[in-house]
Amino acid sequence: MSLICLADFEAYAKENLPKATWEYYAAGADECYTRDDNLQGFRRIRLRPRMLRDVSVMDTKTTVLGEEISCPIAIAPTAFHCLAWSDGEMSTARAAEALKLLYVASTYATCSVEEISQAAPEGLRWFQLYVYRERKLSERLIRRVEALGFKALVLTVDVPYTGKRRTDIRNNFQLPPHLKVKNFEGVFEGHSGPDNYGVPLNTLDPSVSWKDICWLRSVTNLPIVIKGILTKEDAELAVVYGVQGIIVSNHGGRQLDGELATIDALSEIVEVVQGRIEVYLDGGIRTGSDVLKAIALGAKCVFLGRPIVWGLTYKGEEGVKGILQILTDEFRLSMALSGCRNISEVNRNLIHVAKL
């Protein structure tokens, strides 16, 4: 079977994953308007290509927090990769390392941070973190990833409570007995109450606020990137509170249904930040021209979530490499056909927003 675009991998995963697993990965909150709008937002944007620009030599390299990557494409933190492939996040990490791209490991991984680091020792890795009611849980994770050479922390800020994902409720979605949230192995030993995606209910702290950014800065010297910002007001606060980056994200449409598509939120955030910190984007990236549009609107890099799981489902590490290579090749081609030879030439002049 020849898979030539991300949509082909999606179709393969839908056909081959168990129904409840597919629906867990695919689910959005409530009626899935925001999940779907993440994709539609890119389709509303048109490009203004330039011609006769000599695109015989192309360069897609860029940097994130000072570290070079081969292309402005990275792997977003998503949970439970072992549901899609037996060694899950280890395959994901190896694929990112092979293509010289960034991988953000999730707290809710089914491989531990130690296993992920061992699988891809030379890879560029960040770690995604939540703030828990028991702050020591977060702090212990920070100490582990610091020791393992992770280069930044990504604090998810849009989950004071978990969004209502109807298919997971209908399916009574649970991790199968042979899988665990490996980063918490042994931590909740003996817990017999209800759980929420593999950890005890009410472990997350809904009182989390901007003052917790100060707490986080007090316990680590790693750069802090906050994930889940959608407004210029919060972007300005992120700068004030001293973080190094923002991921414009709505959690793949899995939290508040009806909120902005990430590509629609990007411009006002870039405008208010004014280059003081780096701005990234996730949600809705399916083609190389989507990547081009996001970079042209000011994102330093884009992050892929669900497509990585589709690649894992197909052939593990090889499948994830396939996803990343296809998107990289499409991005390079879109750059060339737009008259851009390197990332510095990709700017807002490329963009025409269609009138609705």
Side-chain angles (χ1 to χ4, degrees), residues 38 41-42 45 47 58-77 96 99-104 123-128 150-157 222-232 234-239 241-250 260-285 287-305 308 324 327-328 330-332 334-335 338 340-351:
N38 277 344
F42 283 98
I45 298 171
L47 294 165
M58 303 289 298
D59 182 7
T60 62
K61 292 193 294 294
T62 190
T63 61
V64 286
L65 298 182
E67 301 275 352
E68 186 174 279
I69 53 177
S70 62
C71 188
I73 296 167
I75 299 178
L99 273 77
K100 296 182 169 56
L101 297 173
L102 166 66
Y103 169 40
V104 184
L124 176 60
R125 296 180 304 279
W126 296 355
F127 180 70
Q128 176 271 330
F150 283 69
K151 297 295 187 183
L153 297 176
V154 176
L155 179 66
T156 296
V157 298
L222 287 176
I224 297 166
V225 176
I226 55 176
K227 176 179 178 287
I229 298 300
L230 289 171
T231 64
K232 63 184 179 182
D234 282 342
E236 182 61 43
L237 283 168
V239 175
Y241 277 85
V243 305
Q244 282 69 47
I246 290 168
I247 302 179
V248 179
S249 173
N250 54 33
L260 283 167
T262 52
I263 193 65
D264 293 337
L266 178 61
S267 291
E268 72 171 62
I269 290 170
V270 169
E271 188 175 336
V272 77
V273 165
Q274 290 288 309
R276 291 173 289 173
I277 60 176
E278 294 188 355
V279 177
Y280 320 109
L281 175 137
D282 79 4
I285 300 288
T287 67
S289 66
D290 292 342
V291 181
L292 185 68
K293 290 169 184 178
I295 304 305
L297 286 169
K300 182 78 168 168
C301 176
V302 301
F303 287 83
L304 287 184
I308 298 303
L324 295 171
L327 202 61
T328 297
E330 288 181 356
F331 174 61
R332 182 182 291 107
S334 295
M335 278 180 61
S338 298
C340 300
R341 293 159 289 203
N342 55 56
I343 299 299
S344 67
E345 294 183 349
V346 180
N347 58 54
R348 199 179 178 92
N349 291 331
L350 276 178
I351 297 297

Please report the shortest heavy-atom distance between [X] and [Y], naming the atom on each side.
| X | Y | result |
| --- | --- | --- |
| I226 | A238 | CD1-CB, 3.6 Å |
| L102 | I69 | N-CG2, 4.0 Å |
| L230 | A265 | O-CB, 3.4 Å |
| E330 | G288 | OE1-N, 2.9 Å |
| A294 | V302 | CB-CG1, 3.5 Å |
| R348 | S267 | NH1-OG, 3.1 Å |

Looking only at atom types and distance, does a side-chain atom of [X] sit under 3.5 Å from a main-chain N or O of [Y], one as donor and one as acceptor?
| X | Y | result |
| --- | --- | --- |
| E278 | L65 | yes |
| D234 | L237 | no |
| S334 | L292 | no |
| Q128 | V104 | no |

Side chains of [X] and [Y]: does their closest heavy-atom pair fall under 4.5 Å?
| X | Y | value |
| --- | --- | --- |
| L350 | K293 | no |
| F331 | P72 | yes |
| Q244 | I277 | no |
| T62 | I295 | no |
| S70 | T328 | no |
| E68 | K61 | yes |
| V225 | Y280 | yes |
| I285 | F303 | no |

Would you compute the distance between atom [atom1] of [X] and atom [atom2] of [Y] and round it to the nearest 0.5 angstrom?
| X | Y | atom1 | atom2 | answer |
| --- | --- | --- | --- | --- |
| L99 | C71 | CG | SG | 9.0 Å |
| S338 | N349 | OG | CG | 12.0 Å |
| M58 | M335 | CE | CE | 4.0 Å |
| T287 | F42 | OG1 | CZ | 8.0 Å |
| W126 | I247 | CH2 | CD1 | 6.5 Å |
| D59 | I343 | CG | CD1 | 7.5 Å |

Presence of salt bridge, E236 and R276, under 4.0 angstrom:
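So R276 pairs with E236 through a salt bridge.
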Just one of [options] clears the side chain to side chain contact (heavy atoms under 4.5 Å, CB included) bar with [X], so which one?
| X | options | result |
| --- | --- | --- |
| I269 | T231, V248, L281 | V248 |
| L304 | I75, I73, D282 | I73 |
| V270 | V273, L266, V272 | L266 |

